[in-house]
There are 2 protein chains.
Amino acid sequence: MEKQTVTIYDVAHKANVSMATVSRVVNGNSNVKPNTRNKVLDVINQLKYHPNAVARGLASKKTTTVGVIIPDVTDMYFASLARGIDDIAAMYKYNIILANSDGKEGKEIHVLNTLLAKQVDGIIFMGNNITDKLRKQFQSTSVPIVLAGSVDIKETEPSINIDYIKAVSEAVNDLVQNGNQKIAFISGPLNQDINSKYRLKGYRYALSKNHITYDQQLVYGIKHSDDLYKVGEKLAQSLIDNHITAAIISDDELAVGVLNGMKAHNVKIPQDFEIITSNDTKLTRMVRPQLSSITQPLYDIGAVAMRLLTKIMDNKKIDDKNILLHYRLVKRDSTK
Amino acid sequence: MEKQTVTIYDVAHKANVSMATVSRVVNGNSNVKPNTRNKVLDVINQLKYHPNAVARGLASKKTTTVGVIIPDVTDMYFASLARGIDDIAAMYKYNIILANSDGKEGKEIHVLNTLLAKQVDGIIFMGNNITDKLRKQFQSTSVPIVLAGSVDIKETEPSINIDYIKAVSEAVNDLVQNGNQKIAFISGPLNQDINSKYRLKGYRYALSKNHITYDQQLVYGIKHSDDLYKVGEKLAQSLIDNHITAAIISDDELAVGVLNGMKAHNVKIPQDFEIITSNDTKLTRMVRPQLSSITQPLYDIGAVAMRLLTKIMDNKKIDDKNILLHYRLVKRDSTK
DNA sequence: ATGAAAGCGCTAACAC
DNA sequence: GTGTTAGCGCTTTCAT
């Protein structure tokens with residue numbers, strides 16, 4: 001009872017045409033007489049013929065699948081991008097192979113190679129850090145790669161991001177305007193470029209603009225952790241001890257942790273402590289007080305990345321390879 | 001400068017062996033003299049040969065990829081399952097093609113067929129409702145399918161779930177023990193079996209056990225919506241008007257909405273209103289008060305589903321095709 | 001232990 | 001407009 005596969009040959013045979021003709025109607029090639037087209041279509045229906053994408057992929061050297069490397073699907077930030085990616089992919093008849101990397105270089109490289117082995121037509125990479133080794137891997141393949149919500153300081157690959165430097169700078173400036181002098185910078189690992197070379201830079205820029213001296217003590221670079229929320233929660237004590245009155249935080253879960261941690265210590269938000277977070281995931285609106293945030297067009301970052309990738313895969317020339325999408329600063333209830 | 005693909009032929013040629021032998025070493029077949037194996041391995045490294053998975057797929061009729069149909073990756077519940085699925089898939093050297101369906105029958109069927117066209121070796125389906133049409137599609141393919149966190153009232157396909165009836169029943173019983181008489185049942189659409197045939201059943205069972213008459217007025221079946229959180233928030237007024245003092249809620253985002261909605265109306269949680277939610281996503285621990293919840297082993301549901309799928313794909317016989325994983329009731333701060 | 005050769009199901013020249 | 005045919009890169013009998 002193995003489902004006997006019906007191939008293009010069977011259809012051709014039964015319809016009294018050549019395989020080429022069947023292939024043409026299946027692929028919507030216009031060079032087919034309406035008559036024969038219908039005949040073929042009929043047989044296709046009778047036989048319940050379904051094209052085999054693997055065979056097609058081997059013959060045409062295109063799989064209409066793209067690889068998507070993501071640190072963790074359960075991270076709202078990346079999941080939101082992934083949704084944008086998949087929607088646009090579907091729109092262009094692509095499928096995505098999704099692979100979690102935990103942001104670990106080893107996994108990233110491994111998964112990149114299996115994706116390549118599967119002959120994906122393109123790759124969208126998400127990750128907080130592009131190491132030299134990884135960059136080298138990127139460059140050693142001819143398969144197009146686009147970075148989504150992920151910076152490459154060397155900008156060797158096309159990418160979609162927001163201007164993290166300016167965004168953070170604006171946020172910090174806001175905090176200063178509200179009267180804060182001791183503002184914490186809380187982010188993921190500082191050995192990740194996005195934190196040290198972008199966000200922290202924006203932070204320092206805003207401080208200097210406002211003639212506030214940079215204090216290393218106020219910089220919290222969280223090391224890689226499975227549960228940023230908990231880390232944030234535990235940070236509260238130190239924040240209080242250091243007499244800090246505000247924070248710019250790079251991750252929403254981390255920010256929620258800080259928020260709850262502070263509240264647990266009876267610190268009033270925003271009266272005694274202000275928070276601005278960075279990703280504007282739906283979390284920001286679910287906690288109380290709602291978190292003020294840099295807003296990013298999460299879905300669009302993914303969507304634009306995928307759209308850009310399709311262009312590159314189609315060999316269309318692209319004008320801008322490192323695109324910055326618009327961000328805004330949304331004041332909710334964690335700022336005065 | 002097109003990257004000239006090096007094939008198994010090139011390796012065979014340069015190593016002075018047949019393609020069959022190269023194939024054997026690549027696939028770890030033991031029938032190769034250590035000597036030749038090493039010779040081949042050497043050449044593989046020199047030539048930087050990488051097997052083409054598409055060609056392999058066509059020849060072997062196995063793609064080592066499985067399709068994963070998910071309503072929405074940005075839904076924490078499903079994303080958590082997806083993570084479990086991918087981890088186990090990776091462990092077994094499978095990749096996953098992830099496709100969002102929005103839980104819409106049309107999309108589900110469409111995506112199922114493109115997955116099949118891509119010759120996936122198996123499929124994991126997640127969705128709140130299995131329609132007759134969908135079930136028919138499932139049955140018309142010989143590709144194994146496993147349902148994860150998704151019930152099929154007819155149990156035609158293998159599935160991994162928790163016992164929703166008992167879980168909800170216990171939760172409601174708890175609410176009654178706490179003195180509540182007017183307990184709302186809040187869930188997604190009641191035309192979805194998981195809500196009407198399972199959860200609601202558990203709710204009614206607990207009520208009758210406690211001699212409380214079932215009141216249709218207290219049953220809130222939310223129609224399909226993009227933003228359950230907002231829906232929940234708006235529900236508060238009605239809950240108050242109906243003098244309801246507790247609720248069992250089927251979705252965490254929905255529950256958070258209700259929680260915040262009630263708080264906005266100055267209703268004290270849990271003193272004046274108790275909430276038990278159902279999925280125990282990390283959201284439950286991020287809001288204040290923290291939500292009491294039925295706890296589900298989210299990651300494991302996905303992991304077990306994938307593991308079961310590998311067994312079926314390997315034609316191993318399976319003992320239990322409809323598996324119920326353990327749940328518990330975790331009392332946090334939204335219950336007395 | 002190794003090789004020869006026939007496909008896997010389709011596409012893409014190229015010819016007519 | 002339609003057909004012929006040579007691959008795409010690999011696995012898998014079947015011999016030896």
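Below, chain A is the first sequence line, B the second, and so on; all start at residue 1. Note that the structure is a prediction, hence the values are computed from the model and not measured.
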Mind checking side-chain hydrogen bond (donor to acceptor under 3.5 Å, both in side chains) for A:Asn322 and listing every partner two or more places apart, or none if nothing turns up?
A:Ser159
With sequence neighbours excluded, tell me which residues meet side-chain hydrogen bond (donor to acceptor under 3.5 Å, both in side chains) with B:Ser80.
none
My understanding is that only residues two or more places apart in sequence, or in another chain, count here; which of them pass salt bridge (charged side-chain N to carboxylate O under 4.0 Å, His left out) with [X]?
{"X": "B:Asp300", "value": "none"}
{"X": "A:Asp152", "value": "A:Arg135"}
{"X": "A:Asp319", "value": "none"}

Among all residues two or more places apart in sequence or in another chain, which pass the ring-ring contact (aromatic ring centres under 6.0 Å, His included) test with B:Tyr9?
B:His13
By ring-ring contact (aromatic ring centres under 6.0 Å, His included) - contacts of A:Phe138 (at least two apart)
A:Phe125
Does OP1 or OP2 of C:dA5 have a side-chain N or O of B:Tyr9 closer than 4.0 Å?
no
Phosphate-side-chain proximity, A:Thr5 and C:dG9, N/O vs OP1/OP2 below 4.0 Å:
yes
How many whole angstroms separate atom [atom1] of [X] from atom [atom2] of [N]?
{"X": "B:Asn27", "N": "D:dG9", "atom1": "CG", "atom2": "C1'", "value": "13 Å"}
{"X": "B:Tyr49", "N": "D:dG9", "atom1": "OH", "atom2": "P", "value": "10 Å"}
{"X": "B:Lys118", "N": "C:dC10", "atom1": "NZ", "atom2": "P", "value": "15 Å"}
{"X": "A:Leu47", "N": "C:dG9", "atom1": "CG", "atom2": "C1'", "value": "15 Å"}
{"X": "B:Asn52", "N": "D:dC10", "atom1": "CG", "atom2": "C1'", "value": "8 Å"}
{"X": "A:Asn29", "N": "D:dG1", "atom1": "CG", "atom2": "C1'", "value": "10 Å"}
{"X": "B:Leu116", "N": "C:dG9", "atom1": "CG", "atom2": "C1'", "value": "16 Å"}

When the axes are fitted on five pairs at both termini, how much does the helix from C:dA1-D:dT16 to C:dC16-D:dG1 curve, in 10° steps?
30°
Near DNA chain D, under 4.0 Å by heavy atom, which residues of residues 53-61 of chain B?
B:Ala55, B:Arg56, B:Ala59, B:Ser60
Sequence neighbours excluded, every pair satisfying side-chain hydrogen bond (donor to acceptor under 3.5 Å, both in side chains) that has a member inside residues 103-128 of chain A:
A:Thr63-A:Asp121, A:Asp102-A:Lys107, A:Glu105-A:Thr131, A:Lys118-B:Thr64, A:Lys118-B:Asn95
Under the ring pair (Phe, Tyr, Trp, His ring centres under 6.0 Å) rule, what pairs show up with a residue in residues 53-86 of chain B, not counting sequence neighbours?
none
Is the side chain of B:Lys321 donor-acceptor paired with the backbone N or O of B:Thr156 at a distance under 3.5 Å, no angle test?
yes
Just checking, is any N or O donor in the side chain of A:Ser23 or A:Asn27 under 3.5 Å from an acceptor N or O on the other one?
yes
Taking only N/O atoms, report every protein-nucleotides 2-6 of chain D pair under 3.5 Å with atom names and distance.
from	atom 1	to	atom 2	distance (Å)
D:dT2	OP1	A:Thr36	OG1	3.3
D:dT2	OP2	A:Lys33	N	2.6
D:dT2	OP2	A:Thr36	OG1	2.8
D:dG3	OP2	A:Ser18	N	2.8
D:dG3	OP2	A:Ser18	OG	3.2
D:dG3	OP2	A:Thr21	OG1	2.7
D:dG3	N7	A:Arg24	NH1	3.4
D:dG3	O6	A:Arg24	NH2	2.5

